[in-house]
Structure formats: structure tokens, C-alpha cells
**Student:** 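My questions all concern the structure below.
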Amino acid sequence: MKKYVLNFATFFVLLLPAVPMVSQDIVPSAGKAEVRFHAGAAKQLLERGIEKLLFIRRFTFNANHVYTDYINSRWMPGGGLCVLDLKTGAIREIVPEFTNSGVVGWFDLSFDAKKIVFDFKKGADEGYRIYEVNVDGTGLRQLTFPEPDEEELIANYRRGYHHGTDDMDPCYLPDGGIAFVTTRCRFSVLCDSGDGFTVKNLYRMNGDGSAMEALTYSPLSEATPTLLPDGRILYHRWEYVDKAAGNCKALWAVNPNGTGSVEIYGNTISFPETKVQARAIPGEPNKIVMLGASHWINNAVGTVITVDTREPLRSANTMKYITGDVAAFAHDGFHFKDENGEWYHDKTGKPGRLFRNPYPLSSSLFLVSHKPAGPEWHDRSGYDIALLDGDGKETVLIKDTAISLWHPYPLVAREKPPVPTGMTTDAELAGKGLARCFVTDIYAGMDNVRRGEVKYLRILEQLPRPWAARTADNGDAAGMAHKAVGDGFLSVKVQHGVVPVEDDGSAHFLVPADRPIYFQALDKDFRAIQTERTYVNYRPGETRSCIGCHETPDITPSPATYVMKAMKRVASVPQPQPTQNEACMVFDYERQIQPILDRRCLECHSGDKPAAQLDLSGRAKGVYSVSYHSLIGLSKTSRQLLGNRAQRNEDEASNSIEYIPPYHTGALSSPLGAMIRGERQTAREMDGVNLYTEKLTQSHKDLHLTEAEKMMITNWLDVNCQFYPAYWGRKNERYRDSPDFRPAFTFEEARRTEK
């Protein structure tokens with residue numbers, strides 16, 4: 001067998017004794033390989049009691065997005081799972097039967113340092129699967145396997161980047177289980193008109209691979225679970241509830257059974273867009289290290305950042321850039337500092353350093369995978385393993401000239417975190433697929449809202465898009481969406497009804513479990529004062545409580561001198577809004593809004609010369625209708641008429657993911673919403689809008705809508721003007737002769753995941 005040539009002279013530090021080097025029988029990945037080893041860096045680790053280091057040899061992924069390495073990175077088998085002896089420099093392949101035959105993506109070490117769980121992809125057309133092996137290389141076993149219908153999945157969805165399912169990013173749990181992310185949820189990324197990108201959700205299984213269970217039900221991808229000192233799972237989550245499509249990828253935590261879902265950091269911080277590969281810093285229970293990256297033109301390589309999670313979530317000032325010469329201030333590529341300290345944008349990665357897989361040894365010393373200035377970000381062998389100090393100075397520990405090195409991890413036993421308390425669930429509620437929610441004071445954290453103004457909470461759900469809803473062509477695409485939903489956003493929403501808020505601001509109610517649920521705080525007319533622009537997956541039988549609206553760690557409850565009113569009664573079950581027959585409903589513009597326009601508006605707003613050049617007729621046009629294009633279009637009239645709406649693009653000034661104040665969007669920001677109730681101004685004052693609203697209301701003083709019509713328009717404005725009730729069915733007018741053209745959907749039909 002061929003051997004590595006081990007050469008440490010280049011990195012040898014004067015005044016330090018040489019570390020003996022031992023050549024190992026390892027098949028190099030591409031021709032003659034040279035491994036360079038830094039004795040000084042090894043000494044620092046040895047002084048900390050770290051004698052061996054685990055790592056991955058793998059060619060650098062070259063996919064086009066931060067989350068698509070398993071989907072569209074070029075197939076480059078090579079390398080494997082390795083251990084480095086820091087005393088001798090010896091490198092050993094842990095799973096020699098897998099060496100150079102596939103790709104290892106991620107791994108975790110058991111608490112007693114005797115076993116390794118890892119993901120491995122053995123062929124270009126096969127998915128990643130999870131395996132476990134003893135550290136000495138014995139006892140290799142496969143824990144996850146293809147789905148029973150895997151061949152059918154491949155046949156149905158193999159187009160472009162699709163194949164079957166993938167299981168990745170395993171993490172040992174304190175209760176003996178294993179957390180991981182997987183595409184077994186069978187959802188597609190919403191901002192992908194070509195429908196080639198799949199979604200990964202957080203799952204768990206027993207240590208032997210049995211009892212696989214979804215912990216989340218998320219419309220978009222999750223990744224890199226690790227453990228917090230208290231035993232919770234820390235993971236990366238991407239979302240966009242009434243936000244831009246790419247710049248909300250933050251850190252969340254859940255208990256090992258999926259209860260207690262909570263944001264850890266970054267849900268309202270635009271840059272870096274991607275916060276991933278996070279780990280708790282030893283001895284600093286509230287501090288984490290994470291990688292900051294852009295959304296695309298990289299595979300989760302970027303800059304190393306530490307965060308104190310006790311600080312307010314709304315502030316980016318809590319981030320400390322350990323590698324302060326590299327950042328991600330754009331949707332694509334990287335930012336580097338020049339010799340004058342000025343930032344400049346670059347998409348090649350060549351001008352500066354890049355990092356991945358930060359592993360904290362302390363708050364001022366990290367193991368990292370590192371690329372120096374020179375190679376491009378996707379250079380096949382550009383990444384080494386280095387020590388990084390608190391000032392951002394790297395010292396290369398080991399470099400392989402033939403292949404990149406990743407995921408440095410000390411081979412030492414560590415204390416097992418406790419199994420978190422508070423994971424008890426109510427069996428009766430769980431059997432009904434429900435969870436219980438308490439709100440102590442809805443006004444906490446909601447600025448400039450008078451007490452007594454919030455009367456109800458509206459319960460909404462953002463639906464993932466199932467693989468089964470895809471179509472073979474892009475005929476129904478709209479903007480970035482493979483299936484048109486509505487202009488300005490990408491996901492279908494459904495409504496579960498409303499629940500009351502007591503006059504002291506408290507609420508007690510039930511919500512559906514295992515669904516992406518979010519709330520709107522409503523006034524007496526059922527108009528949204530504030531929208532929760534994120535979601536929570538409540539587990540079956542879980543009981544959750546929060547202080548108020550947009551709760552952050554800096555908000556503390558007022559001393560309670562009495563029991564909140566809502567706590568004294570049974571939980572509210574979501575009810576229909578007045579004039580609506582069902583609590584659970586879809587939003588269907590053609591069947592809910594267009595009939596109102598037909599009855600009330602077409603006399604003036606139709607024909608060859610519609611009033612105000614606003615044609616509100618309902619004939620199909622493209623993937624929407626004439627009236628919808630008129631209302632949602634980019635004209636000054638339409639922008640003023642509907643008020644503020646969330647947009648899907650990161651460069652829309654109206655669509656910052658940062659915290660937005662009450663009354664900012666929806667019916668209370670809309671002149672149309674004010675006009676239908678005879679009001680002369682909106683609750684949200686904007687330049688020019690008050691005068692416009694007064695004129696609009698005056699000119700429509702003889703327009704009298706029913707309460708049901710007012711409710712439906714208000715509801716539609718509050719959910720960001722959705723057009724379609726479901727992802728299913730053909731959308732484009734050219735399919736008008738199809739039996740599946742724009743069908744009606746019930747609530748349950750809209751939420752289904754199979755045809």
C-alpha cells in the first residue's frame with residue numbers, strides 16, 4: 001500500500017522539541033500525498049490533556065448553496081474518518097473499508113469516547129446513511145436504511161438534484177438516543193422554482209436506530225445538531241414567516257423529545273444570514289461559538305463568531321467576530337478586509353481566510369477547519385486543521401496537500417449532560433394531537449399598544465410543500481416559487497381560529513401539535529396589531545408558556561400579585577371568527593375575495609376604462625387573475641391601497657427580518673382595510689397615506705359591505721394577501737382545460753402531504 005510522506009519541517013516552531021512522526025499505511029486520495037504537522041500546535045493540545053484528535057478527510061464540497069452540499073455538490077469520493085495521534089503524528093483510518101469509497105459528512109463522539117456515530121454516502125445516486133463504529137475501528141454497524149419505498153421515491157422525484165432520502169449530522173443524546181437531520185419529511189425548499197432542493201428536519205432515534213421520530217415539522221431546512229450543557233439540542237433552523245427568503249437562518253434549541261422549542265440566537269439579525277455549526281463553549285454555559293456564512297456561493301464556510309445568549313436577541317452587537325477579517329454581509333459570497341481595513345465583497349474566496357467546523361476548547365481557543373488566502377472557497381484540498389486563538393490568529397496543526405481536512409474533534413471523554421427536566425407531556429392531549437399554551441401578558445414586549453386593545457389571538461399555520469405537490473414542469477412557477485402561492489411570499493397559510501385574550505393580557509388555549517404554528521394579536525375588529533413572524537413546533541401533549549409578544553431574554557415579568565385570569569379557567573379551543581362558519585379555514589382569493597369584488601366593485605372597476613385604472617375583474621391572468629395583478633402590482637395606487645406587505649426578496653426595505661413594530665403590516669396598515677370600515681386613516685401612519693386614505697374613504701362613502709365581507713378582506717390583508725389555498729392543483733391559465741385547474745380545497749385537503 002502507498003504511504004503518506006509526512007513532513008513537518010515547513011511548520012516547525014523553533015525552540016520546541018520535534019514530535020516523532022510515524023508513517024501510516026493509508027491509501028492517498030489522489031496521487032502522492034504530503035502531510036505537514038505542526039509540533040507547537042500539537043503541544044498546546046497535549047498540555048490540555050488531548051492526546052488524539054478525530055477529523056474527516058474529504059474533498060471540498062462545491063455545491064451552490066449553504067444547505068445543498070448533499071444535493072448538488074459534485075460526486076468526489078475520497079478520504080474517510082480519521083484519528084490523529086498528537087504525540088507521534090500518526091494518522092489512522094477508523095473505517096478502512098470505507099476509505100476513499102464514499103464521503104463522510106459529519107460525526108459525533110460518545111460521551112465515554114468509545115464510539116463514533118457518523119453519516120456516510122457510498123454512491124453518487126444513494127443517500128447519506130448513519131453508521132456507528134468503535135473508536136478502534138471494530139463493531140461497524142449501519143443504523144439508518146433507505147425507506148421501504150425508496151425506489152419509488154427515486155423514480156418519482158429523480159429530476160435535477162433529487163434522489164431519495166438522506167440522513168445526516170448525527171448527535172448523541174443524554175438519554176441514549178441519537179438526533180440527526182433527514183429528508184424523510186419529504187418537503188421541498190419553497191424558494192426554488194426548479195424544485196431541486198429538499199428540506200431536512202430534525203429527527204431522533206434510539207441508539208440502535210429504532211423508533212425513528214420527527215422532532216420538528218419545519219417548512220425549511222435544519223442542520224448540525226449539537227448539545228447544550230443542560231442537555232438540550234442546539235441546532236440551525238431556516239425559516240421565513242412573512243420574511244425574506246434567505247436571511248433568517250438562526251439557532252434554536254429543543255429538548256431531546258422535541259418539547260420546549262425556543263430560539264437561542266439570531267432570528268431577527270440579518271447578517272450573517274446563516275448561523276450554523278454552533279457549539280457550547282466549555283465552562284461558559286451561556287456562550288456559544290458558531291459559523292457565520294452567506295446563503296449561497298459557499299458550502300457553509302465563513303467566519304468564526306462567539307455569542308453570549310443572555311444578551312437581547314434583537315441585537316447584533318452581542319456577536320464577537322473571532323476572525324474579524326472575514327464576514328458575510330451579503331446574500332452571496334464573502335467579505336474581506338483590505339490593507340486599509342475597508343470591507344470589500346468577493347465571490348471567489350481567494351483574497352482571504354475561510355473557516356468551518358469551529359470546536360471550542362475555551363472562549364479563547366478553538367479548533368477549526370481553515371483555508372488560507374489564495375485558494376478558492378471550493379478548492380478540493382484547500383482546507384487544513386488549525387488552532388485559532390481569541391484574537392483570530394491561526395496556527396496550522398495538520399495539512400494534507402491532496403485533500404481537505406474537516407471537523408476537528410478531541411478524542412476525549414466528556415461529561416454527559418443531564419436529561420432535561422420539564423419534558424413531561426399530557427397523554428390525553430397528546431392522543432388528540434394537541435398542546436397547551438399559556439400567555440402571561442400579551443403586552444410584554446409589544447411597544448405602543450394600549451392595554452385592553454388586544455382582544456384575541458389568531459392561530460395560523462405555515463404549510464411545508466410536500467414532494468408530492470410538485471409538477472414535472474415549471475408552468476406554475478411564480479418568482480422563486482415552484483408553485484404560485486401569492487405575490488410577495490412563498491408559503492401557504494391556513495387558519496385554526498381565534499382564542500380570547502383576557503383584559504389583564506393573559507390567555508390559555510390549545511393548539512395543534514407537530515405543526516409550524518404562529519399567532520397574531522387582534523383588536524376588537526379582528527385586525528392584526530402584531531404578527532409573530534416565526535413559528536413554534538409544539539409537541540403532542542406539551543404545555544408551553546411565554547411572558548408576552550416577541551419575548552426576548554431581556555424581558556422579565558412584573559412581580560405577580562395575583563393569578564392571571566386565563567389561568568383560572570379551562571383552555572380555550574380555537575373558535576371561528578364572527579361571520580365565519582369554521583374555525584379551521586383556508587385562504588382562497590378566487591372564492592373568498594373575488595366574489596366580494598364582483599358584487600361591490602366591478603360597476604366602476606372594470607371594462608375598457610376602469611376607475612383609477614384599477615381593473616378588478618376576475619378572469620385568469622398568468623398564474624393569478626386580473627384583479628389580483630391590479631391589487632398586488634407595483635403601481636403607486638396598489639402600493640398605497642394595501643399598505644405594508646412582507647416581501648420575499650432580501651433587498652426589499654420593507655422586509656427586514658429585524659423586529660417590526662405593531663400596526664406595521666396587514667389590515668391596520670392598509671387604506672383598503674380602513675376604507676371598508678369607513679375610517680379616514682390607517683393605524684400605521686406613513687408618508688402620504690393619511691391623505692390618500694381620507695380621499696379613498698370619502699369617495700367610497702356609499703359602499704356598504706356586510707360584516708362577513710369586511711371580515712374576509714381583513715383576514716386576507718392580515719395573512720399577506722394570499723391567492724391560493726394549497727400547493728396542489730395546476731395554477732397557470734394555460735392549464736384551464738385541466739380537470740385539476742385551480743380546484744377548491746378543504747382545510748384538511750390543503751394540509752395533506754400525499755396525493
Side-chain angles (χ1 to χ4, degrees), residues 54 56-59 61 63 67-82 93-110 115-135 137-158 161-173 176-187 197-215 221-226 235 299 406-407 409 467:
L54 297 171
I56 294 170
R57 294 170 57 242
R58 181 183 68 230
F59 292 114
F61 292 136
Y67 62 94
T68 61
D69 53 79
Y70 72 101
I71 299 172
N72 63 356
S73 185
R74 187 163 62 88
W75 176 240
M76 295 178 287
L81 187 60
C82 302
E93 290 280 355
I94 296 173
V95 191
E97 56 264 55
F98 283 176
T99 300
N100 299 317
S101 63
V103 174
V104 177
W106 186 270
F107 70 83
D108 193 25
L109 178 67
S110 64
K115 294 180 181 293
I116 302 169
V117 63
F118 65 99
D119 59 30
F120 179 71
K121 181 180 175 70
K122 64 181 181 180
D125 294 329
E126 301 198 36
Y128 280 89
R129 300 296 166 217
I130 295 175
Y131 297 78
E132 188 178 53
V133 67
N134 295 325
V135 169
T138 63
L140 177 67
R141 61 173 178 165
Q142 187 171 343
L143 299 180
T144 68
F145 298 85
E147 294 270 48
D149 61 346
E150 194 81 17
E151 293 303 318
E152 182 181 349
L153 291 176
I154 294 170
N156 289 339
Y157 303 117
R158 173 94 184 156
Y161 308 126
H162 271 296
H163 50 273
T165 58
D166 291 274
D167 308 317
M168 296 159 285
D169 299 0
C171 169
Y172 284 110
L173 297 176
I178 296 171
F180 62 106
V181 297
T182 179
T183 63
R184 293 173 190 260
C185 54
R186 304 186 189 186
F187 302 149
F197 299 160
T198 51
V199 165
K200 303 167 293 187
N201 275 189
L202 184 66
Y203 277 52
R204 66 158 294 147
M205 60 185 173
N206 291 337
D208 60 2
S210 63
M212 192 178 292
E213 177 186 10
L215 298 184
S221 280
E222 298 164 336
T224 61
T226 62
Y235 68 103
N299 280 150
W406 310 97
H407 205 81
Y409 199 120
W467 290 1

**Student:** Show the nearest heavy-atom pair for residues Pro170 and Phe180, with the distance to one decimal.
**Tutor:** CA-CB, 4.0 Å

**Student:** So which heavy atom on Thr144 is nearest to which on Gln142, and how close?
**Tutor:**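 The answer is O-NE2, 2.8 Å.
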
**Student:** Taking ring pair (Phe, Tyr, Trp, His ring centres under 6.0 Å) as the test, write out the residues that go with Phe120, two or more places apart.
**Tutor:**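 For Phe120 the ring pair (Phe, Tyr, Trp, His ring centres under 6.0 Å) partners, ignoring immediate neighbours, are Phe98.
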
**Student:** Rounded to the nearest 0.5 Å, what's the gap from SG on Cys171 to CD1 on Ile178? Could you check?
**Tutor:**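 Interatomic distance, Cys171 SG to Ile178 CD1, rounded to 0.5 Å: 9.0 Å.
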
**Student:** Treating Lys121 as the side-chain partner and Glu126 as the backbone partner, does any N or O pair qualify as donor plus acceptor under 3.5 Å?
**Tutor:**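 Confirmed, Lys121 side chain pairs with Glu126 backbone.
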
**Student:** Just jot down the salt bridge (Lys or Arg N to Asp or Glu O under 4.0 Å) partners of Arg204, sequence neighbours excluded, or say none.
**Tutor:**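 Partners of Arg204 under the salt bridge (Lys or Arg N to Asp or Glu O under 4.0 Å) test: Asp175.
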
**Student:** Say whether, by atom type as modelled, one donor and one acceptor occur between the side chain of Trp406 and the main chain of Arg58 under 3.5 angstrom.
**Tutor:**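 Indeed, once roles are kept as given, a pair shorter than 3.5 Å links the two residues.
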
**Student:** Please give me the minimum heavy-atom distance between Val199 and Cys185, naming the atom from each residue.
**Tutor:**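 Here Val199 and Cys185 meet closest at O-SG, 3.4 Å.
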
**Student:** Are the side chains of Val181 and Pro225 in contact, using a 4.5 Å heavy-atom criterion?
**Tutor:** yes

**Student:** Working to the nearest 0.5 Å, report the span between OG1 of Thr99 and CD of Glu97.
**Tutor:**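 So the OG1 of Thr99 and the CD of Glu97 are separated by 8.0 Å.
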
**Student:** Can you confirm whether Tyr172 sits close enough to Leu109 that some side-chain heavy atom of one is under 4.5 Å from a side-chain heavy atom of the other?
**Tutor:** no

**Student:** Is there a side-chain contact between Glu132 and Leu140, using heavy atoms and a 4.5 Å cut-off?
**Tutor:**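 No - every pair of side-chain heavy atoms lies 4.5 Å or more apart.
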
**Student:** Kindly say whether the aromatic ring centers of Phe197 and Tyr67 come within a distance under 6.0 Å.
**Tutor:** yes

**Student:** With sequence neighbours left out, write down each residue that passes salt bridge (Lys or Arg N to Asp or Glu O under 4.0 Å) with Glu152, or none if nothing qualifies.
**Tutor:** none

**Student:** Measure across Ala63 and Ser73 and return the closest heavy-atom pair with its distance rounded to 0.1 Å.
**Tutor:**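 Taking Ala63 first and Ser73 second, the nearest heavy atoms are CB-N, 3.7 Å.
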
**Student:** Can you pull the salt bridge (charged side-chain N to carboxylate O under 4.0 Å, His left out) pairs that have at least one residue in residues 177-187, sequence neighbours excluded?
**Tutor:** Glu147-Arg184, Glu147-Arg186, Asp149-Arg186, Asp167-Arg184

**Student:** Exactly one of Tyr409, Tyr128, Tyr131 should register a ring-ring contact (aromatic ring centres under 6.0 Å, His included) with Phe118. Which one does?
**Tutor:**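 Between Phe118 and the candidates, ring-ring contact (aromatic ring centres under 6.0 Å, His included) is satisfied uniquely by Tyr131.
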
**Student:** Only counting residues at least two apart or in another chain, list the ones meeting side-chain hydrogen bond (donor to acceptor under 3.5 Å, both in side chains) with Asn134.
**Tutor:** Lys115, Thr138

**Student:** Do Val103 and Phe61 make a side-chain contact, defined as non-hydrogen atoms from C-beta onward lying under 4.5 Å apart?
**Tutor:**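 Val103 reaches Phe61 side chain to side chain.
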
**Student:** Measure the CG-CD distance between Leu81 and Glu93 for me, rounded to the nearest 0.5 Å.
**Tutor:**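 Going from CG on Leu81 over to CD on Glu93, the span is 8.0 Å.
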
**Student:** Taking all atoms of both residues into account, what is the closest heavy-atom pair of Lys200 and Ser221, and its distance?
**Tutor:** N-OG, 3.2 Å

**Student:** Which heavy atom of Met76 sits nearest a heavy atom of Phe59, and at what distance?
**Tutor:**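 It is O-CD1, 3.5 Å.
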
**Student:** What do the steps show when you test Asp125 against Arg158 for salt bridge (charged side-chain N to carboxylate O under 4.0 Å, His left out), and what is the final call?
**Tutor:** CA-CA 10 Å; Asp125 294 329; Arg158 173 94 184 156; 3.0 Å; yes

**Student:** Have Asn206 and Ser210 got a donor and an acceptor in their side chains that come within less than 3.5 Å?
**Tutor:**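 There is such a pair (donor and acceptor under 3.5 Å, judged by atom type) between the side chains of Asn206 and Ser210.
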
**Student:** To the nearest 0.5 angstrom, please state how far the CG atom of Asp108 sits from the CD1 atom of Ile130.
**Tutor:**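 The CD1 atom of Ile130 is 11.0 Å from CG of Asp108, to the nearest 0.5 Å.
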
**Student:** Kindly indicate whether the side chain of Phe107, heavy atoms from C-beta on, has any atom under 4.5 Å from the side chain of Asp119.
**Tutor:** no

**Student:** Hey, could you give me the CE/OG1 distance between Met168 and Thr182, rounded to the nearest 0.5 Å?
**Tutor:** 6.5 Å

**Student:** With distance as the sole test, does Asp69 use its side chain to make a donor-acceptor pair with the main-chain N or O of Asn299 at under 3.5 Å?
**Tutor:**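 No, Asp69 side chain to Asn299 backbone: no donor-acceptor pair under 3.5 Å.
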
**Student:** Can you tell me how far apart OG1 (Thr183) and CG (Asp166) are? Round to the nearest 0.5 Å.
**Tutor:**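 Taking OG1 in Thr183 and CG in Asp166, the distance rounds to 4.5 Å.
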
**Student:** If the condition is side chain to side chain contact (heavy atoms under 4.5 Å, CB included), which residues does Thr226 pass it with, not counting sequence neighbours?
**Tutor:**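 Checked Thr226 against side chain to side chain contact (heavy atoms under 4.5 Å, CB included); matches are Trp106, Leu234, Arg279.
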
